[in-house]
Enquirer: 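Take a look at the following structure, please.
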Amino acid sequence: MDKIFVKGAREHNLKNIDVELPRNKMVVITGPSGSGKSTLAFDTIYAEGQRRYVESLSSYARQFLELMEKPDVDYIEGLSPAISIEQKTLSKNPRSTVGTATEIYDYLRLLFARIGRVFCYGCGKEIKSQHAPQIVDTILLLGAGAMLTVLAPVVRGRKGEYRKELDELRKQGFTKIRLNGKVADLSDEIQLDKNKKHEIDVIIDRITIREGIERRLFEAVELALQKADGIIKIQTDKGMQVFSEKFACPDCGISYPEIAPRMFSFNNPYGACPTCNGLGVKEYFDPALIVPNQDLSLREGAVIPWGEKNPVSFLPFLEALVNHYKIDIRNSFKGLPKNVQDVILYGSKGEEIEFFVDRGGRRYFTKRPFEGVINELQHEWENAQFYEKEKLERFINLIPCPTCNGARLKKEMLWVKIDGLNIDDVARMTLTKTLSYFNELNLSEKEREIARNILKEIISRLKFLIDVGLDYIALNRNSSTLSSGESQRIRLATQIGSGLTGVLYVLDEPSIGLHQRDNERLLATLKRLRDLDNTVIVVEHDHDTIVSSDYVIDLGPGAGENGGYLVFQGTPAELVKHDESITGLYISGRLKIELPEERREAKGFLTIKGAREHNLKHIDVEIPLGVFTCITGVSGSGKSTLVVDTLYPLLKQKLYKSKDRAGEIDSITGHEAIDRVIDIDQSPIGRTPRSNPATYTGIFTHIRELFAKLPESRIRGYKDGRFSFNVKGGRCETCTGEGFVKIEMQFLPDVYIVCDICKGKRYNRDTLEVRYKGKSIADVLEMSVTQATEFFDAHPPIKGKLKVLNGQAATTLSGGEAQRIKLSRELSKRDTGRTLYILDEPTTGLHFVDIDKLLHVLAELVERGNTIVVIEHNMDVIKCADYIIDLGPEGGDKGGSVIAKGVPELIIHEPASYTGMFLRKYLDGER
């Protein structure tokens with residue numbers, strides 16, 4: 001069968017649709033946000049493929065796997081085993097790195113175990129393990145006529161008289177030794193100074209290499225190895241050669257175990273650094289977290305742990321410090337002398353300070369050293385219960401392990417090298433540098449033969465990672481620090497490396513977080529996955545991805561209840577000609593996001609000087625106020641570091657006296673023109689199914705107040721709490737206001753059934769009897785936003801918030817939808833026109849038509865006098881900005897600089913700007 005046929009898909013908002021998808025092709029599912037794309041791709045096609053595979057396993061195996069519900073669909077034909085590659089972080093495990101997640105590190109361990117050269121960490125000399133036959137073969141290479149002396153080093157750099165040892169040698173028939181570099185006769189009386197170090201080599205034999213000498217040489221070598229515990233010296237006219245039967249340094253005596261792949265694993269006790277147990281870091285109480293805002297004074301609570309304690313416990317210390325060091329408690333912490341700051345944090349180091357003590361009526365002065373906040377926290381940590389430690393963890397940070405310096409491995413393993421580099425050196429390089437290193441390896445013929453297959457696997461996997469735009473990351477990067485887009489592309493590269501065929505891959509917007517420059521490489525990767533005879537289904541809005549696909553499914557025409565219909569299915573060429581598909585209209589250029597008529601002028605500047613957090617290169621940045629600014633640049637160039645890790649916490653410190661830590665800078669000016677800062681991120685607006693857009697935006701509060709004021713409610717004595725499904729009173733207690741009841745099944749997925757008491761209404765019978773315009777509170781909650789706007793037309797507080805809202809249950813909202821709900825809440829508020837809004841990639845999950853709506857919302861906020869700062873890769877958004885700050889030029893270590901700044905028309909003329917290069921097409925009207 002060359003097609004996948006979906007018959008009668010009804011999951012979520014899908015309207016009983018029939019869909020045909022060609023097998024072994026790249027299929028894009030697109031449509032406006034909320035039209036049912038993810039429902040079709042993940043909740044229907046992938047869920048059924050996964051469910052069928054799991055059901056083929058035994059009941060014993062199934063209990064260990066996450067079981068998926070059968071989707072609401074008549075049937076699906078032509079399914080293959082399915083793998084989903086979604087937007088989620090790889091792992092929160094501190095032991096998981098990019099190298100381990102992609103299996104490249106496993107191949108690295110094998111490579112270093114097989115061809116790595118071992119060096120002594122004491123003296124730096126190479127250590128080789130050779131047995132007697134190999135040593136003989138090496139000696140014979142000196143050639144016929146070569147004269148040599150075979151020596152057994154019985155004493156190596158040790159103090160003593162060694163009378164007993166010398167007598168033993170005489171009894172065994174040895175006549176000569178080499179004592180401290182000079183030949184001595186054992187028949188002579190030998191006196192050694194017991195306080196000096198000595199070198200004693202027994203002369204086993206003197207040999208001239210000639211034909212037939214092999215037997216005698218072999219016996220001499222064996223005897224020397226036996227006498228000197230596996231070490232032998234060969235003296236020739238060219239110098240001294242040392243051979244070892246073990247992995248041991250003949251000079252230092254430092255021995256190595258037999259080198260095996262597990263010795264290079266930081267997740268194995270054989271290889272992990274004993275100090276940090278392979279984590280590469282040590283925990284410590286960080287002064288920057290204890291005093292995050294140094295602009296605050298001691299009186300204002302600069303020292304966070306003190307602010308959380310009863311004043312009685314620390315005020316005597318504080319008064320004593322003030323009196324002893326003559327400091328002003330109203331001065332900012334950073335204004336205090338350095339020695340006083342150190343005393344507060346680390347203690348007085350033995351210097352006694354006079355304290356006033358009041359104990360049960362007994363009042364007296366006493367002198368003792370001050371312990372310091374960090375030492376106090378350390379003692380609390382050591383004595384704290386498990387649940388108490390959670391509170392202290394806020395003040396803990398990580399520093400590289402002092403023993404392995406962050407390498408995670410035992411020091412012996414860091415002295416095993418290939419072409420001058422150890423395994424940690426390789427893991428620390430960016431992927432581009434790592435690939436160059438392996439391509440240019442200087443190996444012997446024998447080493448190349450051993451490493452051929454291992455190198456092939458490493459190089460191919462590195463190329464896959466680079467092809468999906470991850471050239472700037474390193475193999476030792478912790479998986480938990482990756483963005484969702486980076487994690488998804490790593491899983492994509494891993495799947496290509498696995499070489500599976502006949503599989504159905506389902507991807508969720510792989511272009512997220514990817515600059516236009518890297519998009520072409522990503523598309524080539526997806527096509528390579530397809531060319532391995534796999535079916536690739538991509539949920540995507542990106543113009544280039546849609547045009548490059550083999551087949552397009554367009555859902556819509558609207559969102560929610562207005563979506564879920566099949567608008568179009570066919571090739572991209574057919575989509576362009578389709579008049580009813582809004583996607584086709586945008587792809588063909590018949591509809592487009594228009595450029596603004598004019599660029600707004602800045603009303604001032606917010607200036608950050610010397611920003612240097614993470615990879616930022618001590619940059620000065622001017623952010624214009626009262627306009628719409630885009631922060632652009634390739635992935636890893638430092639955009640989030642500048643805006644989310646530096647600008648946002650800095651403004652919170654200045655405006656709200658926040659105690660959050662901000663990225664390091666020299667200074668910030670111009671913030672006086674702002675009175676609020678809001679980060680509208682894509683985190684879920686609610687953590688439970690009880691949260692929905694109505695509760696989050698505050699609409700539900702007004703609705704409950706309205707129901708509480710109705711005559712029926714007043715007669716019954718109902719307050720607005722009666723109409724909440726989160727508290728006892730008005731809710732259905734059978735389902736505790738959830739509307740459904742969970743039934744746990746051992747070998748099957750948990751089943752959620754509609755509550756048979758309230759029938760999914762969430763409220764009890766008495767509450768539902770109160771009606772407004774014939775509708776109960778449950779009826780109101782089930783209305784669409786459009787219906788609710790009409791229903792509450794006479795109530796401005798409710799209608800105002802509904803105008804810009806589009807929603808459903810909070811935990812089922814996509815990141816983009818959650819972000820737009822937060823925006824709608826902001827639009828419904830009265831503001832001062834001096835707010836700075838921060839948005840990180842707000843176009844995630846947005847269709848062209850939704851981006852157009854988003855830009856109108858942002859424009860309205862700016863027109864009110866507010867400042868918008870957006871991190872973005874989408875060119876339709878960037879072209880509409882009033883000002884652009886482009887970071888780069890590359891990602892990682894090669895990023896962190898300001899490449900260009902100014903209006904879009906200026907950026908396109910900057911040759912070093914990749915953003916400018918792609919923006920030109922959009923400004924010239926080609927897109």
Enquirer: Please report the interatomic distance CD(Glu782) to CD(Gln787), rounded to the nearest 0.5 Å.
Expert: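 Here the interatomic distance stands at 10.0 Å.
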Enquirer: To the nearest 0.5 Å, what is the distance between CG (Asn13) and CG (Leu40)?
Expert: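 Asn13 atom CG to Leu40 atom CG measures 10.5 Å (nearest 0.5 Å).
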Enquirer: Which heavy atom of Thr501 sits nearest to which heavy atom of Leu532, and what is that distance?
Expert: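 Taking every non-hydrogen atom into account, CG2-O, 2.9 Å.
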Enquirer: Looking only at the side chains, is there a donor atom on one of Thr545 and Asp542 sitting less than 3.5 Å from an acceptor on the other?
Expert: yes
Enquirer: Are Arg10 and Asp74 close enough, and set up right, to give a side chain to side chain contact (heavy atoms under 4.5 Å, CB included), and what steps lead you there?
Expert: CA-CA 9 Å; Arg10 295 176 295 277; Asp74 291 341; 2.9 Å; yes
Enquirer: Just checking, is any N or O donor in the side chain of Tyr914 or Glu890 under 3.5 Å from an acceptor N or O on the other one?
Expert: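 Judged by distance alone, the side chains do pair up.
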Enquirer: How many angstroms lie between atom NE2 of His856 and atom CD1 of Ile593, to the nearest 0.5 angstrom?
Expert: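 With rounding to 0.5 Å, NE2 (His856) is 9.5 Å from CD1 (Ile593).
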Enquirer: Are any of the side-chain heavy atoms of Asp43 and Pro71 separated by less than 4.5 Å?
Expert: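 Not touching, per the 4.5 Å side-chain cut-off.
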Enquirer: For Glu520, does the CD atom have more than 12 heavy-atom neighbours from other residues, nucleotides or ligands under 6.0 Å away?
Expert: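 Result for CD/Glu520: open.
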Enquirer: What do the steps show when you test Ser511 against Glu540 for side chain to side chain contact (heavy atoms under 4.5 Å, CB included), and what is the final call?
Expert: CA-CA 8 Å; Ser511 66; Glu540 190 59 271; 3.0 Å; yes
Enquirer: Is any side-chain heavy atom of His873 less than 4.5 Å from a side-chain heavy atom of Leu514?
Expert: no
Enquirer: Search all heavy atoms of Asn534 against all heavy atoms of Leu529 and return the closest pair with its distance.
Expert: ND2-O, 3.0 Å
Enquirer: Could you tell me whether a side-chain N or O of Thr632 sits under 3.5 Å from a main-chain N or O of Thr915, the two making a donor and an acceptor?
Expert: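 No, Thr632 side chain to Thr915 backbone: no donor-acceptor pair under 3.5 Å.
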Enquirer: Assess whether side chain to side chain contact (heavy atoms under 4.5 Å, CB included) is satisfied between Leu555 and Ile17, documenting all intermediate values.
Expert: CA-CA 10 Å; Leu555 300 180; Ile17 59 173; 4.0 Å; yes
Enquirer: Could you grab the distance from atom CD1 of Ile582 to atom OG1 of Thr30, nearest 0.5 Å is fine?
Expert: 11.0 Å
Enquirer: If the condition is ring-ring contact (aromatic ring centres under 6.0 Å, His included), which residues does Tyr505 pass it with, not counting sequence neighbours?
Expert: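 Per chain and number, Tyr505 pairs via ring-ring contact (aromatic ring centres under 6.0 Å, His included) with no residue.
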Enquirer: For residues 2-9, run the donor-acceptor check on the side chains, cut-off 3.5 Å, and write out each pair with its distance to 0.1 Å, sequence neighbours left out.
Expert:
{"from": "Lys3", "atom 1": "NZ", "to": "Glu20", "atom 2": "OE1", "distance (Å)": "3.1"}
{"from": "Lys7", "atom 1": "NZ", "to": "Asp18", "atom 2": "OD2", "distance (Å)": "3.3"}

Enquirer: Just by distance, with hydrogens left out, do Glu872 and Thr843 show a side-chain donor and acceptor under 3.5 Å apart?
Expert: yes
Enquirer: Looking at OG of Ser460 and CD1 of Ile104, how far apart are the two atoms once the value is rounded to the nearest 0.5 Å?
Expert: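 Between atom OG of Ser460 and atom CD1 of Ile104 there are 8.0 Å.
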Enquirer: Among all residues two or more places apart in sequence or in another chain, which pass the side chain to side chain contact (heavy atoms under 4.5 Å, CB included) test with Ser56?
Expert: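 If we apply the side chain to side chain contact (heavy atoms under 4.5 Å, CB included) test to Ser56, skipping adjacent residues, the hits are Tyr53.
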Enquirer: Please assess Leu462 against Phe438 for the test side chain to side chain contact (heavy atoms under 4.5 Å, CB included), listing each intermediate value before the final yes or no.
Expert: CA-CA 10 Å; Leu462 287 172; Phe438 283 116; 3.9 Å; yes
Enquirer: Does a side-chain heavy-atom distance below 4.5 Å link Val19 with Ile29?
Expert: no
Enquirer: Could you state the interatomic distance from NZ (Lys37) to CD1 (Ile537), rounded to the nearest 0.5 Å?
Expert: 14.5 Å
Enquirer: With a 4.5 Å heavy-atom cut-off, do Val552 and Ile587 have their side chains touching?
Expert: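 Contact flag for Val552/Ile587 side chains = no.
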Enquirer: For the pair Arg23 and Asp533, find out whether any cationic side-chain nitrogen is under 4.0 Å from an anionic carboxylate oxygen.
Expert: no
Enquirer: How close do Phe725 and Leu781 get, heavy atom to heavy atom, and via which atoms?
Expert: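 Looking at all heavy atoms of both residues, the shortest contact is CE2-CD1, 3.7 Å.
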Enquirer: With the side chain counted from C-beta on, respond yes when Leu21 and Thr535 share a heavy-atom pair under 4.5 Å apart, and no when they do not.
Expert: no
Enquirer: Are Pro94 and Ser480 close enough that some pair of their side-chain heavy atoms sits under 4.5 Å apart?
Expert: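 No, every pair of side-chain atoms sits at 4.5 Å or beyond.
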Enquirer: Is a side-chain donor or acceptor of Thr44 paired with a backbone partner of Thr39 at a separation under 3.5 angstrom?
Expert: yes
Enquirer: For residues Leu482 and Ser487, report the shortest heavy-atom separation together with the two atoms involved.
Expert: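 For Leu482 versus Ser487, the nearest heavy atoms are CB-OG, 3.6 Å.
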Enquirer: Mind checking whether Phe42 and Asp508 have side chains closer than 4.5 Å, heavy atoms only?
Expert: yes
Enquirer: Sequence neighbours left out, what pairs pass salt bridge (Lys or Arg N to Asp or Glu O under 4.0 Å) with at least one residue falling in residues 574-588?
Expert: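 For residues 574-588, and leaving out neighbouring residues, the salt bridge (Lys or Arg N to Asp or Glu O under 4.0 Å) pairs sorted by first residue read Asp579-Arg590.
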Enquirer: Among residues two or more places apart or on two chains, list those pairs meeting salt bridge (Lys or Arg N to Asp or Glu O under 4.0 Å) that have a residue in residues 96-110.
Expert: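 For residues 96-110: Glu103-Arg461, Asp106-Arg109.
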Enquirer: Would you name the heavy atoms of Tyr472 and Gly892 that are closest together and state the gap between them?
Expert: CB-N, 3.6 Å
Enquirer: For the residue pair Asp471 and Arg521, establish whether any side-chain heavy-atom pair is separated by less than 4.5 Å.
Expert: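 Yes. Closest side-chain heavy atoms under 4.5 Å.
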Enquirer: State plainly whether the residues Arg51 and Glu48 are in salt-bridge range, i.e. N to O under 4.0 Å.
Expert: yes
Enquirer: Counting distance only, does the side-chain N/O of Arg489 pair as donor-acceptor with the main-chain N or O of Val468 below 3.5 Å?
Expert: yes
Enquirer: Please identify each residue that fulfils side-chain hydrogen bond (donor to acceptor under 3.5 Å, both in side chains) with Asp852, with sequence neighbours left out.
Expert: none
Enquirer: Could you tell me whether the side chain of Asp550 and the main chain of Met26 form a donor-acceptor pair under 3.5 Å?
Expert: yes
Enquirer: Crowded around Lys15 NZ? As in, over 12 foreign heavy atoms under 6.0 Å?
Expert: yes
Enquirer: Considering non-hydrogen atoms only, spot the tightest contact between Gly556 and Pro32 and give its length.
Expert: CA-CD, 4.4 Å
Enquirer: Is it true that the side chains of Glu486 and Ser635 contain a donor and an acceptor less than 3.5 Å apart?
Expert: no
Enquirer: Looking at Asn874 and Asp876, would you say the former's side chain and the latter's main chain have a donor-acceptor pair under 3.5 Å?
Expert: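 The answer is yes, because a donor-acceptor pair under 3.5 Å joins these two groups.
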Enquirer: Is there a donor-acceptor contact under 3.5 Å from the side chain of Thr844 to the main chain of Glu841?
Expert: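 A pair under 3.5 Å: yes.
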Enquirer: Look only at the side chain of Ser548 and the backbone of Asp544, and say whether a donor-acceptor pair between them is shorter than 3.5 Å.
Expert: yes
Enquirer: I'd like to know if the side chain of Asn478 reaches the main chain of Thr97, judged simply by a donor and an acceptor atom lying under 3.5 Å from each other, with no hydrogens or angles considered.
Expert: no
